[in-house]
There are 2 protein chains.
Amino acid sequence: VREEVDRQMSILTRGMAETLPLGGLERKIESALKNRRPLRVKLGIDPTTSNVHIGHMVPYRKLREFQDLGHKAILIIGDFTATIGDPSGKNQERPKLSKEEVKNNAATYCDQIFKIVDKTKAEVHFQSQWFEKKGLRDVLENAGAFSVAHLMSHETFRGRMRSGERLSLQEMLYPMLQAWDSVEVEADIELGGMDQKFNILCGRDLQKNRGYEPQSALFLPLLPGTDGQKMSKSLGNSIAVLDSPQDIYGKTMSIADELMPEFINLACKEKDFPQDPFSRKKAIARDITSQYHGRSAAIGAEEFFEKTVSQKEMPLEIPNLDISLDKRNILSVISLVNPGSSKSDLRRLVQQGGVKWKGDKIINLDFQLEDKGNKDNILHVGKRKIFKINFIK
Amino acid sequence: VREEVDRQMSILTRGMAETLPLGGLERKIESALKNRRPLRVKLGIDPTTSNVHIGHMVPYRKLREFQDLGHKAILIIGDFTATIGDPSGKNQERPKLSKEEVKNNAATYCDQIFKIVDKTKAEVHFQSQWFEKKGLRDVLENAGAFSVAHLMSHETFRGRMRSGERLSLQEMLYPMLQAWDSVEVEADIELGGMDQKFNILCGRDLQKNRGYEPQSALFLPLLPGTDGQKMSKSLGNSIAVLDSPQDIYGKTMSIADELMPEFINLACKEKDFPQDPFSRKKAIARDITSQYHGRSAAIGAEEFFEKTVSQKEMPLEIPNLDISLDKRNILSVISLVNPGSSKSDLRRLVQQGGVKWKGDKIINLDFQLEDKGNKDNILHVGKRKIFKINFIK
């Protein structure tokens with residue numbers, strides 16, 4: 001048992017930011033092995049968005065590791081709380097989503113996480129299973145377990161109060177609801193990002209109060225974006241789960257060398273990587289691409305990368321983009337090739353140097369593309385989109 | 001209509017401490033008269049005790065005035081919130097009552113208030129009618145109407161937080177529940193003591209939020225006890241609704257002259273009283289006794305009072321009280337003649353000078369009654385109980 005505990009600990013603590021209480025995870029594993037009872041490892045899914053990037057997948061990868069060690073993955077789809085919105089880290093009340101939106105998001109979200117989590121070995125619960133049945137008396141009973149002073153120690157709540165921004169009583173009930181999930185599914189472990197620390201520890205408090213053994217909390221760090229900043233769709237530095245194999249591979253290849261350890265720890269499945277930085281980065285890109293598209297797609301993406309970006313620094317064929325008028329605003333042009341992006345996303349892409357015209361970065365949002373000058377009319381949009389612009393008069 | 005509004009206002013504002021918003025009551029009356037729709041006047045009953053004194057009856061007397069003017073009395077029996085306890089003015093969490101205790105208290109309480117309120121013209125609601133059916137989603141919806149900053153402005157909550165005493169999230173939900181009652185019964189007016197100000201104004205907020213016209217709030221002052229302090233059973237200065245006619249009459253006669261205006265305004269039904277202080281006080285005592293025991297019992301009580309306390313300063317017949325042993329602790333003796341009082345009540349009665357032995361106040365809780373000395377063994381307990389102690393050897 002001792003050796004198996006050590007083996008599981010070495011796998012599970014890899015890439016972990018923090019675990020609470022001290023020694024809790026180890027004791028849980030030990031008791032699970034002794035009693036031949038797999039651990040129930042809870043992870044909440046927030047279906048307020050369906051736009052998932054590989055940074056979101058860090059805790060799901062950890063959950064898969066638990067599954068591979070014989071433990072039970074308990075996925076909680078926060079369909080009930082999504083209609084309120086987790087205030088953690090938010091400096092204003094969030095727009096409420098309709099049940100329909102939440103349901104659609106949840107379906108799309110799950111499709112994506114089951115690329116990592118083994119669906120056949122996971123319990124999936126919708127919060128509404130239990131929350132739709134709870135009455136006022138249940139709410140009051142659980143609310144008795146929380147002191148207002150403790151809730152007000154939540155950094156988000158304190159910050160909102162201090163700055164005079166509205167914090168509603170509804171939002172203050174959010175940590176209790178997430179904690180309640182842990183009671184309902186009898187979680188032994190809850191996984192989450194560091195921003196979930198307060199809520200996950202509330203789960204421990206409520207379990208204790210209701211006479212259950214409190215869960216251990218495992219916190220995972222954030223995966224940086226391709227530019228080293230926080231990974232975020234709106235910053236244009238994210239790798240989406242639904243990106244093409246070429247995009248996942250190429251975006252991963254664009255990270256700085258010093259980000260490689262974090263990508264290995266938090267985003268990769270393999271453990272052994274070549275020492276040489278370029279081979280190492282390719283192995284990382286292959287690993288990540290494989291996880292979402294399979295081995296052969298990853299090899300195909302690598303070949304495409306070598307043929308295009310790596311060997312020639314430019315794709316073999318540059319597509320032509322016809323635009324009317326001989327003078328067009330930069331934003332209106334890039335909106336043609338990024339039809340899914342919002343105006344603020346496009347603005348940010350420009351301001352952060354993601355757009356080049358004739359090889360020069362264009363930061364000015366009022367810049368006009370004109371059919372003049374001695375260089376080719378080449379437009380780079382982000383790292384991987386290149387067009388030759390034809391002005392149609 | 002104008003004259004009738006003025007007439008109702010002059011009756012209803014008599015003895016009122018405060019009404020919010022300014023002019024609200026007048027507008028409600030006016031609109032009730034114009035639309036021939038009686039006002040729905042809400043008053044909550046807290047069935048955490050069944051020990052009712054005439055100070056508690058001040059708002060019920062006001063409610064009766066509304067009834068006599070043709071408006072509707074809406075009594076809410078707080079059977080649901082009683083199992084939590086109103087934190088207002090309390091510096092610690094209250095012990096929770098069982099449903100059985102609450103039910104019994106409510107029955108006893110109602111028996112007493114229907115001495116004042118016209119039962120045939122009152123709607124009586126148990127909160128559990130609606131609260132037992134409410135779900136978590138209803139709770140969250142209503143909780144969205146309250147900001148934490150506003151709730152924390154409640155003096156009780158602020159005080160508890162400041163002094164470091166535990167304030168639970170459950171208690172913080174209390175004002176919302178009381179407010180919810182106002183939504184459920186579509187209250188036009190809510191009556192209450194000044195300690196209910198926060199909760200009653202929360203009712204306005206919630207009604208507004210849910211699209212109803214907000215209620216007007218009417219606050220009534222506290223009736224002082226017979227000694228001018230806050231009326232309270234445990235201070236031995238209260239006049240209980242269930243006291244005998246002789247006790248109600250006698251206790252009222254024991255008030256200081258300067259308390260007479262408050263007793264007239266808050267506890268009496270009549271408006272005209274004699275100028276001479278002694279006749280005036282007797283008229284007050286008769287008025288109050290009549291309200292709880294009827295006219296003839298009040299006249300009987302007056303005769304008893306004149307025969308005993310007033311003319312001789314001592315009852316005609318002093319009952320004998322036999323006690324074993326020739327030396328007995330003061331507390332154990334007075335517990336014999338006050339079987340319903342708690343130990344702390346008795347201790348307070350002694351400490352506040354309510355007990356005399358041989359004509360002298362006994363403050364010392366360790367005092368032993370002994371069968372010696374040259375005076376009669378006369379024991380006064382409170383203002384109206386007198387015994388001659390026989391020590392049985």
Side-chain angles (χ1 to χ4, degrees), chain A residues 79-85 87 93-94 96 99 127-154 156-177 179-181 184 202 205-206 209, chain B residues 79-85 87 93-94 96 99 127-154 156-177 179-181 184 202 205-206 209:
Chain A
D79 62 334
F80 196 91
T81 47
T83 57
I84 316 171
E93 285 184 87
R94 297 172 63 170
K96 276 113 187 112
K99 283 190 191 184
Q127 286 179 317
S128 50
Q129 285 170 227
W130 47 84
F131 281 147
E132 294 291 2
K133 286 181 210 142
K134 298 298 178 189
L136 173 56
R137 200 173 284 283
D138 303 312
V139 174
L140 294 172
E141 191 171 17
N142 280 337
F146 295 95
S147 84
V148 174
H150 176 62
L151 291 171
M152 292 308 297
S153 74
H154 188 357
T156 301
F157 293 159
R158 227 172 39 210
R160 289 266 285 280
M161 289 287 278
R162 204 165 31 216
S163 68
E165 291 185 271
R166 187 170 194 272
L167 171 69
S168 83
L169 180 58
Q170 188 190 64
E171 294 176 280
M172 195 128 128
L173 293 170
Y174 189 97
M176 179 179 85
L177 297 180
W180 206 336
D181 292 338
E184 289 291 328
C202 281
D205 296 338
L206 190 61
N209 181 277
Chain B
D79 62 334
F80 195 93
T81 46
T83 57
I84 318 171
E93 284 184 89
R94 296 173 63 171
K96 278 119 188 105
K99 284 190 189 183
Q127 286 179 317
S128 50
Q129 285 170 227
W130 47 84
F131 281 149
E132 294 291 1
K133 287 180 210 141
K134 298 299 179 189
L136 173 56
R137 200 173 284 282
D138 304 310
V139 173
L140 293 172
E141 191 172 17
N142 279 338
F146 296 95
S147 83
V148 174
H150 176 63
L151 291 171
M152 292 308 297
S153 74
H154 188 356
T156 300
F157 293 159
R158 226 174 37 211
R160 288 266 286 280
M161 289 288 278
R162 205 166 29 214
S163 67
E165 291 186 89
R166 188 171 194 272
L167 171 69
S168 83
L169 180 59
Q170 189 191 65
E171 293 176 281
M172 196 129 128
L173 293 169
Y174 190 97
M176 178 180 86
L177 298 180
W180 206 335
D181 291 338
E184 289 291 328
C202 281
D205 296 337
L206 190 61
N209 180 278

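Proteins come first, then strands; the chains are lettered A, B, ... in the order of their sequence lines, and each starts at number 1.
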Nearest 0.5 Å, what's the [atom1]-[atom2] distance between [X] and [Y]?
| X | Y | atom1 | atom2 | result |
| --- | --- | --- | --- | --- |
| B:Arg160 | A:Ser147 | CZ | OG | 10.5 Å |
| B:Tyr174 | A:Leu140 | OH | CG | 11.5 Å |
| B:Leu151 | A:Ser168 | CG | OG | 10.0 Å |

- Query: Who among B:Met161, B:Glu141, B:Lys133, B:Met152 has the most heavy-atom pairs with chain A under 4.5 Å?
  - Reply: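 Ranked by contacts with chain A, first place is B:Met161.
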- Minimal heavy-atom distance between B:Phe146 and A:Arg166, with the atoms involved, is C-NH2, 3.6 Å
- Note on the structure: The side-chain contact (heavy atoms from CB on, under 4.5 Å) partners of B:Ala143 (sequence neighbours excluded) come to A:Leu169, A:Gln170, A:Leu173, B:Met176
- Query: What part of B:Val148 is in contact with chain A, defined as an atom under 4.5 angstrom from a non-hydrogen atom: side chain, backbone, both or neither?
  - Reply: both
- Task: Mark yes or no: A:Arg137 above the aromatic ring of B:Phe80, with NZ or CZ under 6.0 Å from the six-membered ring centre and no more than 45 degrees from the axis.
- Result: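 That pair qualifies as a cation-pi contact.
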